[in-house]
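What follows is a single structure, and I will ask about it in a moment.
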Amino acid sequence: MDAYFVETLVHEDDALVQARQSGRSTTMPQAEVAPNQGKLLALLVQMVGATRVLEFGTLAGYSTIWLARAVGEHGHVTTFELEPENANIARENLERAGILDRVGVVVGKAAESARRLVEAGTEPYDFVFIDADKPSNPAYLEASLQLSRPGTVIVIDNVVRNGAVIDASSSDERVGGVRAVLTRIAEDDRLDATSLQTVGVKGWDGFTILRRAR
Ligand code: DHB
Ligand code: MG
């Protein structure tokens with residue numbers, strides 16, 4: 001079904017295809033979003049009218065390309081990547097996609113990179129995509145909120161993981177990171193959220209979408 005939807009509705013140009021393929025050379029092979037999920041991110045960015053986007057977890061820059069194209073030529077994407085080799089692969093892919101000039105690839109621990117942006121008084125972001133190491137999800141949400149404004153939309157990837165996330169007693173830190181961030185969202189009365197399960201080329205997973213109301 002994903003192949004059919006992608007063929008029918010989601011155009012992947014050569015730059016996206018090459019970014020996907022080069023994802024195999026990163027430290028997290030095949031962790032990039034599916035094409036129809038990338039298109040969803042792009043549509044959400046455009047529906048929100050976002051011109052400033054923040055991404056946690058660049059890898060080869062596949063989702064970054066979707067986000068950067070969606071913000072338009074006057075928009076900007078800041079994307080955090082831990083591994084310098086991944087960041088180099090991403091920059092090549094962003095260049096090929098013709099959007100490197102509107103993307104800042106920031107190498108290092110995302111929590112520290114985010115803290116530097118907060119300290120610098122960075123203008124709030126309109127849209128945030130959290131898709132990096134899952135144990136840090138609560139820290140990334142916290143940072144995102146500090147870099148947000150009322151109306152900012154945040155999407156968190158991989159909140160289902162083959163159903164593993166239902167297990168409150170799981171010793172998997174990735175599961176713990178997802179559960180902790182969802183609890184944190186539920187406790188914050190500024191945030192309106194929902195989660196959806198997905199099935200497709202990436203198996204059984206899902207995402208959470210939230211909006212900061214005030
Ligand atoms: C993993 C991470 C991702 O961001 C993803 O979309 C799929 C899998 C992982 O940690 O295995
Ligand atoms: Mg992911």
Side-chain angles (χ1 to χ4, degrees), residues 1-3 5-6 10 12 16-17 19-45 53-68 70 77-83 85-87 89-90 93-94 103 105-107 109-111 113-114 127-141 143-144 153-167 170-182 185 193-210:
M1 279 307 300
D2 268 11
F5 286 145
V6 171
V10 181
E12 249 192 334
L16 281 166
V17 170
R20 166 176 306 294
Q21 286 168 353
S22 71
R24 292 165 190 267
S25 320
T26 65
T27 53
M28 286 283 297
Q30 292 174 292
E32 66 277 345
V33 299
N36 44 348
Q37 292 169 339
K39 179 79 176 272
L40 174 65
L41 292 173
L43 287 167
L44 289 171
V45 162
V53 171
L54 178 63
E55 179 179 57
F56 291 77
T58 317
L59 286 182
Y62 181 81
S63 48
T64 322
I65 295 174
W66 281 107
L67 295 167
V77 178
T78 303
T79 183
F80 296 143
E81 175 54 45
L82 179 63
E83 304 289 347
E85 317 89 87
N86 295 346
I89 294 171
N93 287 324
L94 299 170
V103 181
V105 182
V106 183
V107 179
K109 289 195 180 216
S113 303
F127 187 94
V128 183
F129 182 45
I130 299 178
D131 189 22
D133 57 302
K134 312 311 171 189
S136 300
N137 272 343
Y140 297 158
L141 176 72
S144 302
V153 168
I154 302 175
V155 174
I156 306 175
D157 197 22
N158 311 114
V159 299
V160 175
R161 306 198 69 103
N162 286 309
V165 167
I166 199 65
D167 182 4
S170 173
S171 56
D172 185 333
E173 288 180 358
R174 296 168 302 180
V175 167
V178 173
R179 293 182 63 91
V181 79
L182 296 182
I185 291 165
T194 190
S195 291
L196 287 178
Q197 301 183 70
T198 55
V199 60
V201 286
K202 294 199 63 185
W204 176 26
D205 213 326
F207 59 89
T208 295
I209 182 166
L210 58 136

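Quick caveat: nothing in here was measured; it's all calculated off a predicted structure. Order of appearance sets the numbers: ligands from 1, and atoms from 1 within every ligand.
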Is there a donor in the side chain of Glu55 and an acceptor in the side chain of Ser63, or the other way round, less than 3.5 Å apart?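 Indeed, the side chains of Glu55 and Ser63 share at least one donor-acceptor pair under 3.5 Å.
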
Are the side chains of Phe207 and Leu196 in contact, using a 4.5 Å heavy-atom criterion? yes

Single hit among Val181, Asp133, Ile156 for side chain to side chain contact (heavy atoms under 4.5 Å, CB included) with Tyr140: Asp133

In Å, rounded to the nearest 0.5 Å, how long is the span from CD of Gln37 to CH2 of Trp66?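 Here the interatomic distance stands at 11.5 Å.
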
Might you point out which heavy atoms bring Leu141 and Ile154 nearest each other, and give the distance in Å? CD1-CD1, 4.0 Å

Before you tell me yes or no, could you show the steps for Leu40 and Asn36 under side chain to side chain contact (heavy atoms under 4.5 Å, CB included), namely the whole-Å CA-CA distance, both residues' side-chain angles and the distance that decides it to 0.1 Å? CA-CA 6 Å; Leu40 174 65; Asn36 44 348; over 6 Å; no

What protein heavy atom is closest to atom 3 (C) of ligand 1, reported as residue, atom name and distance in Å? Asn158 OD1, 3.1 Å

Per atom 8 (C) of ligand 1, closest listed option by heavy atom (Glu32, Arg161, Lys134):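 Of the listed residues, Arg161 has the closest heavy atom.
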
Near the Mg ion (ligand 2), meaning under 2.8 Å, the protein N/O/S atoms are Asp131 OD1, Asp157 OD2, Asn158 OD1

Compute the shortest N/O to N/O distance between Ala31 and ligand 1 and return yes if it is under 3.5 Å, no if not.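 Between Ala31 and ligand 1, an N or O pair is found under 3.5 Å apart.
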
No-hydrogen, no-angle side-chain donor-acceptor test under 3.5 Å, Ser22 and Asn93: yes

Looking only at side-chain N and O atoms, does Asn86 offer a donor or acceptor that is under 3.5 Å from a partner on Thr27? yes

Classify the contact between Asp157 and ligand 1 as side chain, backbone, both or neither, using a heavy-atom distance cut-off of under 4.0 Å. side chain

Specify the protein heavy atom at minimum distance from atom 6 (O) of ligand 1: its residue, its atom name, and the distance to 0.1 Å.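 Here the closest protein heavy atom is Lys202 NZ, 2.3 Å.
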
